[in-house]
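None of these values were measured; they are calculated from a predicted model.
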Amino acid sequence: MGDSQTWTAVPSAAEHARSVLAASWSCAVTAEGGREEFVGAHTVAEDGRVTLEVPEDSALVTAAICAPRGEPSAVLEFADVAPVPVRSRIRARLWIAGWFVPGDGRLEFRATRVVLRRPSGAVVVDLDEFAAAEPDPLATAEARLLTHLADCHPDAVERLTRLVDAESLHGAVRVQPLAVDRHGLTLRIERARAHGDVRLPFHAPADDVSRLTERMHVLLTQASAASCPRALQRQRTDRDG
């Protein structure tokens with residue numbers, strides 16, 4: 001697809017789910033033995049299968065051995081947390097139901113149901129689509145990219161608000177980069193007692209960081225050419241209680 005064409009695509013539910021899985025460092029597991037939190041203990045195969053390394057004395061191991069084979073007996077939960085401090089930092093949650101197969105000090109998870117919950121609502125992801133999907137190419141670099149944009153280039157973030165409808169900026173006290181993927185950048189617009197999100201699509205997909213840099217330059221050039229909206233009310237104080 002050439003750069004002269006308009007690109008307005010967004011990640012599919014399966015792609016979004018795989019991106020959450022690829023970027024997550026922690027995992028919560030609910031099983032008959034209770035609920036346990038694991039940090040840096042899971043790996044993900046190319047088809048989305050999750051393998052978990054747990055201590056031998058974990059109640060999860062006993063629960064996995066005693067659970068009926070082939071019957072859903074556990075749920076994995078992954079949280080997609082915005083790397084930049086904003087209100088409501090949980091951008092999405094991913095739940096994978098299924099059962100564990102013990103082996104060689106690891107527990108391999110066999111999924112029977114995948115559910116992705118976003119602000120727009122929850123969606124059940126088809127298992128075949130989930131296995132075939134690939135995570136967004138920027139997923140594992142997103143946290144670094146967004147924190148750099150927010151911390152080192154606040155002027156660029158404010159300039160990008162020129163591409164936002166003036167009505168959406170009414171009463172805004174702060175704008176922060178919330179998310180980025182190969183299809184576009186999402187801004188979080190915070191008001192005194194509310195917030196909303198605005199997506200700025202790229203003109204073509206950014207399949208790596210170098211292409212993302214070019215796409216961002218295009219957005220900033222467009223913003224520089226746009227009329228400047230009323231300045232953000234930065235002197236106001238958030239009083240949400």
Got a donor-acceptor contact below 3.5 angstrom from the [X] side chain to the [Y] backbone?
X	Y	result
S19	A139	no
T213	V209	yes
R191	H170	yes
Q176	V84	no
R188	P85	no
S12	E15	yes
T112	A97	yes

Value rounded to 0.5 Å, distance of [atom1] in [X] from [atom2] in [Y]:
X	Y	atom1	atom2	value
R199	L185	CZ	CG	8.5 Å
D197	E190	CG	CD	9.5 Å
F38	C27	CZ	SG	7.5 Å

- Pick out which of H148, E158, R159 makes a side chain to side chain donor-acceptor pair (under 3.5 Å) with H153.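 Considering H148, E158, R159, a side chain to side chain donor-acceptor pair (under 3.5 Å) with H153 is found only for H148.
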Side chains of [X] and [Y] in contact at under 4.5 Å (non-hydrogen atoms):
X	Y	value
L94	D80	no
V123	R118	yes
L21	P135	no
L107	V29	no
F100	L76	yes
E214	H203	yes
L169	V198	no
V114	I96	yes

Please answer: with hydrophobic residues joined when any side-chain heavy atoms are less than 4.5 Å apart, are [X] and [Y] in the same cluster?
X	Y	result
I90	V115	no
V124	W95	yes
V75	V54	no

Of all the heavy-atom pairs spanning [X] and [Y], show the shortest one and how long it is.
X	Y	answer
A92	L116	CB-CD1, 4.2 Å
T147	P83	CG2-O, 3.7 Å
P137	R182	CD-CD, 3.6 Å
A22	T140	O-CG2, 3.9 Å
R162	S224	NH1-O, 3.5 Å
P205	R211	O-CD, 4.3 Å

- Item | Verdict with reasoning, D181 to L138, per side-chain contact (heavy atoms from CB on, under 4.5 Å) | CA-CA 6 Å; D181 55 60; L138 303 177; 5.6 Å; no
- Message: I'd like to know whether F109 forms a side-chain contact (heavy atoms from CB on, under 4.5 Å) with L52, so could you lay out the CA-CA distance, the side-chain angles of the two residues, the decisive distance to 0.1 Å, and finally the verdict.
- Response: CA-CA 8 Å; F109 198 70; L52 195 64; over 6 Å; no
- Can you name the side-chain hydrogen bond (donor to acceptor under 3.5 Å, both in side chains) partners of R106, sequence neighbours left out?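 For R106, the residues satisfying side-chain hydrogen bond (donor to acceptor under 3.5 Å, both in side chains) (neighbours in sequence not counted) are E53.
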- Item | Partners passing side chain to side chain contact (heavy atoms under 4.5 Å, CB included) against L219 (at least two apart in sequence or in another chain) |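 Expected list: L160, L163, L200, F202, M216, Q222.
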- Run the salt-bridge test on R18 and E134 with the 4.0 Å N-O cut-off and return the result as yes or no.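 No, this pair does not count.
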Partner residues of [X] under the salt bridge (Lys or Arg N to Asp or Glu O under 4.0 Å) criterion, sequence neighbours left out:
X	answer
E37	R35
E142	R91
R110	E108

- Query: Has R89 got more than 12 heavy atoms of other residues, nucleotides or ligands less than 6.0 Å from its CZ?
  - Reply: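 Yes, enclosed.
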- Residue pair L178, L187: steps toward the side-chain contact (heavy atoms from CB on, under 4.5 Å) verdict: CA-CA 5 Å; L178 176 70; L187 300 177; over 6 Å; no
Let me check something: any side-chain donor-acceptor pairs from residues 126-133 under 3.5 Å, sequence neighbours excluded? List them with distances.
unit_1, atom_1, unit_2, atom_2, d
D126, OD2, D128, N, 3.0
D126, OD2, E129, N, 3.0

- How about F78 and H42: are their ring centres within less than 6.0 Å of each other?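 Yes; H42 has its ring centre under 6.0 Å from that of F78.
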